[in-house]
Amino acid sequence: MTYTPKEILEEREKRVHFQKKLMDRFEMSLVSIRANYPGINKDNYITNEIVQTMDKIVSDIMYTSLEFKLNRSTAEGPTITMMINKDPIEIKKLMIQVEEKHPLGRFVDIDVYNPKDYSSIGRGELGYGPRPCFLCEESAQICARSKKHSILEIIAHIEKAYKNYKEKKY
């Protein structure tokens with residue numbers, strides 16, 4: 001499904017508000033898994049498959065501490081929200097390993113939030129550098145801002161990587 005940029009922004013604001021309410025209610029760390037996918041068509045077969053794959057992995061890693069989980073599809077695409085009864089720094093360390101070591105890890109954002117102040121635990125806080133671009137290994141943030149690569153190039157890369165992952169898995 002295709003949404004407008006305004007709808008995506010509005011959905012992001014709703015998600016942030018919802019996440020704060022969950023952290024207030026549960027008083028524990030929040031983990032959010034979303035597809036790292038360009039453009040306005042964020043809710044599609046590929047993003048759903050990638051997010052579901054990563055959901056299974058994160059749920060397996062956190063199963064002893066996982067207290068609540070919600071799977072939603074919105075203008076932002078598929079989103080998994082988890083409440084985890086564990087230190088947010090320890091969770092973020094594990095999630096960075098998932099993002100860096102799993103073949104599909106680069107195609108999701110696994111954000112970890114501290115319930116005390118609602119802050120997101122950043123890679124830099126733990127001594128990690130910025131995430132690399134899918135295509136050229138420079139900082140993904142710099143490539144995105146400069147629009148170094150077209151949306152179609154990035155989508156083609158994600159689709160190829162997903163296809164390769166599925167072929168090797170089966």
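Given the structure is predicted, the values throughout are model-derived calculations rather than measurements. Computation of the quantities below employed the complete heavy-atom set of this structure, encompassing side-chain atoms and omitting hydrogens, waters and symmetry-equivalent molecules.
Ion pairing of K166 with E159 is absent here, as no side-chain N (NZ or NE/NH1/NH2) approaches a carboxylate O to less than 4.0 Å. At a threshold of 4.0 Å, the pair R12-E76 counts as salt-bridged, since one of the basic side-chain nitrogens sits closer than that to a carboxylate oxygen. Salt bridge E11/R15: absent, no basic N to carboxylate O contact under 4.0 Å.
Between R34 and the options T47, D109, T79, D111, a side chain to side chain donor-acceptor pair (under 3.5 Å) holds for only D111.
Between atom SG of residue C143 and atom CG of residue L135 there is a gap of 8.0 Å, rounded to the nearest 0.5 Å. From L22, atom CG reaches atom CG of L70 across 7.5 Å, with rounding to the nearest 0.5 Å. Interatomic distance, CD of E153 versus SG of C136, reported as 10.0 Å (0.5 Å rounding). Considering NZ of K56 and CD of Q52, their distance stands at 6.5 Å, rounded to 0.5 Å. Taking CD of E90 as the reference point, atom CG of L126 lies at 9.0 Å (rounded to 0.5 Å). Atom CG in N114 sits 13.0 Å away from atom CE in M28 (nearest 0.5 Å).
Counted by atom type alone, Q19 and Y118 present zero donor-acceptor pairs between their side chains at under 3.5 Å. When only modelled atom types and interatomic distance are considered, Y37 and D43 share no side-chain donor-acceptor pair under 3.5 Å. For the residue pair T81/K69, the side-chain donor-acceptor check at 3.5 Å is not satisfied.
In this structure, R72 and I80 have side chains that are not in contact, with every pair of non-hydrogen atoms separated by 4.5 Å or more. When side chains are defined from C-beta on, V108 counts as touching I50, because their heavy atoms get closer than 4.5 Å. Side-chain contact between Y128 and E100 is present, with at least one heavy-atom pair separated by less than 4.5 Å. Side-chain contact check for M83 versus R25: every heavy-atom pair is 4.5 Å or farther apart. Side-chain contact between L66 and S59: present, with at least one pair of heavy atoms (C-beta onward) separated by less than 4.5 Å.
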* To do: Verify side-chain contact (heavy atoms from CB on, under 4.5 Å) between R106 and F134, making sure each step is shown before the conclusion.
  => CA-CA 7 Å; R106 294 179 74 181; F134 299 147; 4.0 Å; yes

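The shortest heavy-atom contact between I121 and K92 is O-CE, 3.3 Å.
In this structure a side-chain-to-backbone donor-acceptor pair under 3.5 Å is missing from K147 to A144.
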